[in-house]
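Notes follow the structure.
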Amino acid sequence: MPNSIDPVELRVSLDIGFEASMGQFDVQWWTNHGYKYHYSESDLEFRFGWELRPETTYPAKHFHPPGNPSSHLESCITHEEPELVTLAVISCWWDALRADDPARLNEFDDPP
């Protein structure tokens, strides 16, 4: 069983991307709370995450946008159920990919 000490990661490879012919998601979930959906391809990365850190001013559910991975923006994804979060991440990615505009990744209103 995954936990914060010994997490298990799922890697999903895709045959399509924004700037490359392929991309990938690395996904982690923790048993007590939290997740990470990290997308990467040749020169583009972003991440949706949920982490509870008592000593921070960052939003617990946050988005690291392409071009500024150290930024912690409020995430458009408010769900906490793995199925809904996964659908939301895929919806955000697919909409932005179809528009060929990574800036749209975090512009939904509580997807899916």
| query | Any luck finding a side-chain donor-acceptor pair between Tyr37 and Trp29 under 3.5 Å? | reply | yes

| task | First locate atom OG of Ser40, then atom CE of Met22, and finally report the distance between them rounded to the nearest 0.5 Å. | result | 9.5 Å

| Nearest heavy atoms of Ala99 and Arg104, plus distance in Å | CB-NH1, 3.3 Å

| remark: Separation between OH (Tyr58) and OG (Ser71), nearest 0.5 Å, reads 8.5 Å

| field | Euclidean distance, Asn106 CG relative to Leu73 CG, rounded to 0.5 Å | value | 6.5 Å

| task | Please say whether more than 12 non-hydrogen atoms of neighbouring residues, nucleotides or ligands are located less than 6.0 Å from CG in Asp43. | result | no

| message | I'd like to check His64 versus His72 (side-chain heavy atoms, cut-off strictly below 4.5 Å). Are they in contact? | response | yes

| Quick check: are there more than 12 heavy atoms from other residues, nucleotides or ligands sitting under 6.0 Å from CG of Asn68? | yes

| said: Contact between Val89 and Tyr35 at the side-chain level, heavy atoms closer than 4.5 Å - yes or no? | reply: no

| said: For the CD atom of Glu45 and the NE2 atom of His38, what is their distance to the nearest 0.5 Å? | reply: 4.0 Å

| message | Please find the pair of heavy atoms, one from Gln24 and one from Ser13, that lie closest to each other, and give the distance. | response | CB-CA, 4.2 Å

| field | Separation of Leu44 CG from Phe18 CZ (nearest 0.5 Å) | value | 6.5 Å

| Which pair of non-hydrogen atoms, one from Pro102 and one from Ala96, has the smallest distance, and what is that distance? | CA-CB, 4.4 Å

| note | Closest heavy-atom pair, Cys92 versus Cys76, reported as atoms and distance to 0.1 Å, is SG-SG, 3.8 Å

| request: Answer with yes or no whether the hydrophobic clustering places Leu10 together with Leu87; edges join I, L, V, M, F, W, Y residues whose side-chain heavy atoms lie under 4.5 Å apart. | output: no

| Got a second to check how far His79's NE2 is from Lys61's NZ, nearest 0.5 Å? | 9.0 Å

| remark: ring-ring contact (aromatic ring centres under 6.0 Å, His included) with Phe48: of Phe63, Phe108, Trp93, only one passes, and it is Phe63

| message | Give me the atom names and distance for the closest heavy-atom approach of Glu41 to Gly23. | response | CB-CA, 4.0 Å

| query | Under a 4.5 Å side-chain heavy-atom rule over Ile, Leu, Val, Met, Phe, Trp and Tyr, are Ile90 and Val85 clustered together? | reply | no

| query | In terms of hydrophobic clusters joined by side-chain contacts under 4.5 Å, are Leu84 and Val27 together? | reply | no

| message | Quick one, Trp30 and Lys36 - any side-chain contact, counting heavy atoms below 4.5 Å? | response | yes

